[in-house]
Peer 1: 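Just dropping this structure here.
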Amino acid sequence: MSKQSYRVCFCFRRRFRVLAAEAPADVKNLFNRYSDNGVMSAENLHRFLIEVQKEENATLEDAHAIMNNLHDLKILNIFHRRGLHLDAFFKYLFADINPPLNSKLGIHQDMNAPLSHYFIYTGHNSYLTGNQLSSDCSDVPIIQALHRGVRVIELDIWPNSAKDDVEVLHGGTLTTPVALIKCLKSIKEHAFTVSEYPVVITLEDHLTTDLQAKTAEMITQTFGDMLFSSDSCLKEFPSPESLKRRVLISTKPPKEYLQAKEVNETGATKGTDQTDTEAWGREVSDIKARYNDKDDSDEGEADDSDEEDPTSQQNTAPEYKRLIAIHAGKGKGGLSDWLRVDPDKVRRLSLSEQELGKAVVTHGKEIIRFTQRNILRIYPKGIRFDSSNYNPFNAWTHGAQMVAFNMQGYGRSLWLMHGMFRGNGGCGYVKKPDILLKAGPNNEVFDPEANLPVKTTLKVTVFMGEGWYYDFEHTHFDAYSPPDFYARIGIAGVDADIVMKKTKTLEDNWIPTWDEQFEFPLTVPELALLRVEVHEYDMSEKDDFAGQTCLPVSELRQGTQQKCKACEKTVYPVELLSADGISYHKSCFKCTHCKGTLKLSSYSSMEGVLYCKPHFEQLYKESGNFNKNFQSPVKSAEKLTPMLTKSPSKAAGMFSGTQEKCATCGKTAYPLEKVTVENQSYHKSCFKCSHGGCSLNPSNYAALDGILYCKPHFSQLFKEKGSYNHLIKSASMKRPAATVPDS
């Protein structure tokens, strides 16, 4: 590539050669498998997408689109119109156009459940541009949050100095205010730029009754028909789907004017540990961390314990009260009363991170039951003056929907938040896993600290890293030599799954090639996030931060397009079970005869049909001719024997692909006219249903003993007749390898 020199002392310079990125051996092997004479055609790229990337719905047009993108990115030039060379294929695999999450999935989760069934992307003090004490208040961070996909915006509303208008500011601090109407107009303009799903505005209200009425008028005039409101408390929350492009107001019934929070100055000394951040942010705290009772005085929110206070109700402007769609408040009494589930109405409860830390110790199960119907919002403790954040998993693993974060901050906790909401198309709503939504047969609920069995194992290979050479000065990381990079990779999730591992450190290398594999056994993969960080080792100072990403394990691309053999629907990694090389949903892995759930240690199968061992012995050890009503594959195999045993000519050996024969007609199948399924090649014109002559493609065929059918005729012929037809209702037969009889 080039050479770089670094000054040592005053009169010496060290020179280093910067090498170009080279494809790892695994990538070279893949390219060789799917290329002819050093070129991967669009047809072969299409095969690669289906067979390796598991994109069974990929089309030839998708392959051409990838090649066009590579031309646009100048990775391919006008002399590479026929296909991809090795370097272009390598750069495609490592480029942004081949992301780790499948962009085609989009919003794929069920969006018709109540709001309480979703984690919701939530901001805290969304109007602040920096720290909690002296930064400016503005609509700019609100707009930025909405563009990131945040769906819950928090506004603290106060009277202005003349007591005739409403401003947004952090009360009791030196923050400069911004007009409420400006924030409302910005929310309206940008609310649905990224996601059409509802935006919730949580108001912390410090207004007199007349200013409440004025606020109600502002909100009504700004949002108009976009506003969703209810005359009384909801009995059940509506679904995100039913609230598309709607705005909801959530607040507690307001208190007397200026009965507001104050910043506890003594908290500043206790908060010093939060500012002890490394260059890339503090490591995420242990979710088991317990909190000191003294911390309660540092809560950064106004007390909301007067939900049913009649005095409070009388001091509320009626037009303002009617706007409240999601009612909030703790009610009277202690924690048990706060978590009481009312069958006749739903509400929102707010707890500080310290209150949650204490509550999960004594009322963990009650919290999960509460969040199955109601909404729980968690907010940062008041001494986080630097706008830092906390570990969100203590809240998520107990079902809290609104985990409020300072989006203007930085650090590992915020990376986890961004990673969680990259899921479900980045719409700001992620469906909670069933373990948090349903009780067991004895009304038991999920216990995040239970010793659970491993559900799946995530295998990750860290090949290499590239890009720093182009984006940074050559002395950015180290003044005397190229950087010494290492990667940290691990899992964030429930306690049992949390782990961070590290690659070796590669010295003096701008393009590190680690090529190391890691395995992560996961007990609750539904809640797991994959963390990847890169740092530059520094012997004398703290290591430099070089980059990071955080991804939901349940949506990683590898394997996300596999289809369940039983129901033919997509199988995601968290629900995948493989038997005999075939993918199933865990819930679909059942005996065909009795529908009983099977285990890998207690199943049997014949021709891809699953049985429990008792029924397998009962049904398949009785007499009967399995193939008597079906077309025999013997004649087909005999007919192909001469062609299969014929030696290829010398001329044929000079052309790639000319030695592959069509399994139907036995003639040579060239790459441009070839279809490959189950390691057998066919001419596209020969890839037809043997019964009706229907044209087939790799996603809509079925086969029995080498005989091809379209799925409709397969169902007609193989499900109507035969002594064992009732056993193969949902199975597709896989063709065994063709054998040549001895002469």
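Along the sequence shown, residues carry numbers from 1. Every value quoted in this text rests on a predicted model; they were computed, and no experiment measured them. In what follows, every heavy atom counts, from backbone to side chain, and hydrogens, waters and symmetry copies are set aside.
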Peer 1: Salt bridge between Glu526 and Lys455, side-chain N to carboxylate O under 4.0 Å?
Peer 2: yes
Peer 1: Between Tyr118 and Asn424, does any side-chain donor sit less than 3.5 Å from a side-chain acceptor?
Peer 2: no
Peer 1: Can Arg412 and Glu533 be counted as an ion pair, charged N to O under 4.0 angstrom?
Peer 2: yes
Peer 1: If you round to the nearest 0.5 Å, how far is CG of Leu45 from CD of Glu43?
Peer 2: 9.5 Å
Peer 1: OG1/Thr513 to CE/Met464 distance, rounded to the nearest 0.5 angstrom?
Peer 2: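 It is 4.0 Å, given to the nearest 0.5 Å.
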Peer 1: Using distance alone, with no hydrogens and no angle criterion, decide if Thr505 and Asp484 have a side-chain donor and acceptor under 3.5 Å apart.
Peer 2: no
Peer 1: Can you find a heavy atom in the side chain of Pro525 that is under 4.5 Å from one in the side chain of Leu458?
Peer 2: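 Pro525 does not reach Leu458 side chain to side chain.
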Peer 1: For the CG atom of Leu30 and the CE atom of Met40, what is their distance to the nearest 0.5 Å?
Peer 2: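 Nearest 0.5 Å value for the CG-CE distance: 7.5 Å.
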Peer 1: Only one of Phe545, Phe421, Phe405 forms a ring-ring contact (aromatic ring centres under 6.0 Å, His included) with Trp415, so which one is it?
Peer 2: Phe545
Peer 1: Could you work out, with ring pair (Phe, Tyr, Trp, His ring centres under 6.0 Å) as the rule, every residue matching Tyr537, not counting sequence neighbours?
Peer 2: none
Peer 1: Excluding sequence neighbours, so at least two apart, what forms side-chain hydrogen bond (donor to acceptor under 3.5 Å, both in side chains) with Trp514?
Peer 2: Thr503
Peer 1: Under the side chain to side chain contact (heavy atoms under 4.5 Å, CB included) rule, collect the residues that match up with Asp434, sequence neighbours excluded.
Peer 2: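 With neighbours one apart ignored, the set is Leu437, Lys438.
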Peer 1: Test: ring-ring contact (aromatic ring centres under 6.0 Å, His included). Region: residues 26-68. Which pairs qualify, not counting sequence neighbours?
Peer 2: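 Checked against ring-ring contact (aromatic ring centres under 6.0 Å, His included) - neighbours excluded - the pairs reaching residues 26-68 are Phe31-Phe89, Tyr34-Phe48, Phe48-Phe89.
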Peer 1: Given 3.5 Å as the limit, does a donor-acceptor pair link the side chain of Ser554 with the main chain of Pro552, or not?
Peer 2: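 No: the side chain of Ser554 does not pair with the backbone of Pro552.
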Peer 1: Side chains of Phe518 and Val499: closer than 4.5 Å at any heavy-atom pair?
Peer 2: no
Peer 1: Do the side chains of Asp495 and Pro448 get nearer than 4.5 Å, heavy atoms only?
Peer 2: no
Peer 1: What is the distance from atom OG1 of Thr457 to atom CD of Glu519, rounded to the nearest 0.5 Å?
Peer 2: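 Answer rounded to 0.5 Å: 6.5 Å.
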Peer 1: Just jot down the side chain to side chain contact (heavy atoms under 4.5 Å, CB included) partners of Phe472, sequence neighbours excluded, or say none.
Peer 2: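 Result, side chain to side chain contact (heavy atoms under 4.5 Å, CB included) vs Phe472: Trp468, His476, Phe477.
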Peer 1: Do Asp87 and Lys91 sit within salt-bridge range, that is, some charged N less than 4.0 Å from a carboxylate O?
Peer 2: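 Yes, this pair counts.
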Peer 1: Report the residues that fulfil ring pair (Phe, Tyr, Trp, His ring centres under 6.0 Å) with Phe520, sequence neighbours left out, ordered by chain and then residue number.
Peer 2: none
Peer 1: Using the test side chain to side chain contact (heavy atoms under 4.5 Å, CB included), find all partners of Asn98 that sit at least two apart in sequence or belong to another chain.
Peer 2: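 Side chain to side chain contact (heavy atoms under 4.5 Å, CB included) list for Asn98, sorted by chain: Gln53, Tyr92, Leu93, Arg557.
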Peer 1: Does Thr676 have any side-chain hydrogen bond (donor to acceptor under 3.5 Å, both in side chains) partners at least two apart in sequence or in another chain, and if so, which?
Peer 2: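 With sequence neighbours excluded, Thr676 shows a side-chain hydrogen bond (donor to acceptor under 3.5 Å, both in side chains) to no residue whatsoever.
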Peer 1: When you compare the side chain of Asp497 with that of Leu527, does any pair of heavy atoms fall below 4.5 Å?
Peer 2: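 With C-beta onward as the side chain, the pair stays apart.
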Peer 1: What do you reckon, is NZ of Lys504 surrounded by more than 12 foreign heavy atoms closer than 6.0 Å?
Peer 2: yes
Peer 1: Closest heavy-atom contact between Leu452 and Thr523?
Peer 2: O-CG2, 3.4 Å
Peer 1: Taking only residues two or more places apart in sequence, or in another chain, which ones meet Glu536 in a side-chain hydrogen bond (donor to acceptor under 3.5 Å, both in side chains)?
Peer 2: none
Peer 1: In Å and rounded to the nearest 0.5 Å, what is the CH2 to CE distance from Trp396 to Met417?
Peer 2: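 Rounded to the nearest 0.5 Å, the CH2-CE separation comes out at 4.5 Å.
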Peer 1: Just to verify, what does Phe463 make a ring pair (Phe, Tyr, Trp, His ring centres under 6.0 Å) with, not counting sequence neighbours?
Peer 2: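 For Phe463, no residue satisfies ring pair (Phe, Tyr, Trp, His ring centres under 6.0 Å) once neighbours in sequence are set aside.
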Peer 1: Got a sec, which residues hit side-chain hydrogen bond (donor to acceptor under 3.5 Å, both in side chains) with Tyr429, two or more places apart in sequence or on another chain?
Peer 2: none
Peer 1: When rounded to the nearest 0.5 angstrom, what is the spacing between CG in Asn394 and CG in Leu356?
Peer 2: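 Answer rounded to 0.5 Å: 5.0 Å.
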Peer 1: Please report the C-alpha distance between Val494 and Phe446 in whole Å, then the side-chain angles of each, then the deciding distance to 0.1 Å, and finally whether the side-chain contact (heavy atoms from CB on, under 4.5 Å) criterion is met.
Peer 2: CA-CA 11 Å; Val494 298; Phe446 173 66; 4.2 Å; yes
Peer 1: Who passes salt bridge (charged side-chain N to carboxylate O under 4.0 Å, His left out) against Asp447, sequence neighbours left out?
Peer 2: none
